[in-house]
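Here the structure is laid out as structure tokens; the discussion comes afterwards.
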Amino acid sequence: HSQENQPILYLTFDDGPSPTLTPQIVDLLDQYDARATFFVIGVHVRRAPAALRPAAAAGHALANHTLSHKSLAGRSQEAFAQELQATEEIVAAALGDLAPASPALRYLRPPGGGVDANTGSFAEALGYQVVGWDIDPKDWRRPGADAIASFGLERAFPGAIVVLHDGGGGSQQTVAAVETILRELGAKGYVFPAMSTP
């Protein structure tokens with residue numbers, strides 16, 4: 001997908017899916033031939049299963065942001081596994097016939113970035129890689145689309161992971177900011193792939 005030496009930026013969206021914002025973001029990414037990684041919350045998928053299907057169908061990566069969005073720090077291995085596996089089951093049910101074609105959930109973003117000494121090994125035991133972020137415009141604070149976009153644009157570097165929200169405080173500001181980021185960085189030669197496990 002990416003040409004040699006083209007800088008890459010990873011767009012990631014947390015706390016979705018949202019029945020309003022997720023489809024808009026998927027459409028926008030499509031216009032720019034961009035892919036993203038959606039870190040979904042199990043209870044939100046259960047509420048809005050239809051919002052997830054277009055993201056999977058368009059080739060975006062789906063990733064795990066737990067069932068409940070409670071911190072994983074200090075949880076037992078059993079409780080930790082339950083948060084991830086319940087989300088996997090809900091996602092598989094939401095995707096239905098799309099599920100086998102789309103890759104399994106292999107990335108985990110702990111809610112709020114909350115980790116403890118066990119997070120890495122608990123995640124690995126379930127086949128997950130823990131993913132953080134490099135650039136956080138805090139779009140959930142809704143500082144305005146321009147503020148969100150310029151924060152991302154000023155700090156972008158090849159290989160950076162940007163965290164935004166299609167749920168949990170995401171808003172039309174986020175959608176507008178994503179368009180600006182895609183347009184401005186795209187003009188500088190950036191490409192926007194989904195995260196993929198080697």
Side-chain angles (χ1 to χ4, degrees), residues 1-40 44-45 48-65 91 94-107 109 129 131-137 139-140 144-168 170-198:
H1 173 70
S2 70
Q3 305 307 306
E4 284 302 301
N5 305 326
Q6 275 188 292
I8 281 173
L9 190 80
Y10 293 104
L11 292 172
T12 67
F13 295 92
D14 281 13
D15 298 356
S18 141
T20 50
L21 298 180
T22 307
Q24 290 180 47
I25 290 168
V26 168
D27 285 348
L28 193 54
L29 292 164
D30 198 40
Q31 288 167 34
Y32 286 88
D33 193 28
R35 299 287 172 271
T37 305
F38 289 87
F39 286 87
V40 301
H44 294 177
V45 177
L52 204 60
R53 289 178 66 89
H60 301 291
L62 302 180
N64 207 320
H65 200 40
V91 167
L95 294 181
D97 54 336
L98 285 174
S102 47
L105 307 185
R106 283 293 157 255
Y107 294 103
R109 177 169 283 158
Q129 191 179 328
V131 173
W133 57 79
D134 301 301
I135 301 170
D136 180 4
D139 60 331
W140 49 270
D146 292 347
I148 297 166
S150 58
F151 189 100
L153 293 169
E154 284 161 17
R155 289 163 180 78
F157 62 88
I161 298 173
V162 183
V163 59
L164 293 159
H165 294 78
D166 58 330
S171 68
Q172 293 302 139
Q173 294 183 7
T174 301
V175 179
V178 168
E179 177 150 33
T180 304
I181 290 168
L182 289 168
R183 187 177 65 238
E184 302 278 322
L185 292 181
K188 291 182 178 167
Y190 271 84
V191 291
F192 306 94
M195 300 184 73
S196 60
T197 30

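For the single chain, residues carry numbers from 1 onward in sequence order. If you're wondering where the values come from, they're calculated on a predicted model, not measured in any experiment.
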Lys/Arg-Asp/Glu bridge criterion (N-O < 4.0 Å) met for Arg109, Asp15
no
Run the side-chain hydrogen bond (donor to acceptor under 3.5 Å, both in side chains) test on Ser18 and Asp166 for me, step by step, so that the C-alpha distance in whole Å, both residues' side-chain angles and the decisive distance to 0.1 Å come before the verdict.
CA-CA 6 Å; Ser18 141; Asp166 58 330; over 6 Å; no
Pair Asp14-His165, side-chain donor/acceptor within less than 3.5 Å
no
Do you know which of Val162, Val131, Ile161, Val163 makes side chain to side chain contact (heavy atoms under 4.5 Å, CB included) with Tyr10?
Ile161
Can you name the nearest heavy-atom pair linking Val175 to Leu28, along with the distance?
O-CD2, 3.3 Å
Does Asp134 have more than 12 heavy atoms from other residues, nucleotides or ligands lying within 6.0 Å of its CG?
yes
Any residue meeting side-chain contact (heavy atoms from CB on, under 4.5 Å) with Pro7, in chain and number order, not counting sequence neighbours
Pro158, Tyr190
Taking only residues two or more places apart in sequence, or in another chain, which ones meet Asp27 in a side-chain contact (heavy atoms from CB on, under 4.5 Å)?
none
Spatial distance of atom CG (Leu182) from atom CG (Asp33) [nearest 0.5 Å]
10.5 Å
Taken in chain and number order and not counting sequence neighbours, the residues that satisfy side-chain contact (heavy atoms from CB on, under 4.5 Å) with Thr37 are Thr12, Phe39, Ala61, Ala63, Ala194, Met195
Non-hydrogen atoms of Ala36 and Leu29 that approach each other most closely:
CB-CD1, 3.7 Å
Restricting to non-hydrogen atoms, name the atom on Leu98 and the atom on Ala56 that form the minimum distance, rounded to 0.1 Å.
CD1-CB, 4.5 Å
Closest approach of Arg35 and Ala58, non-hydrogen atoms and distance?
NE-O, 3.1 Å
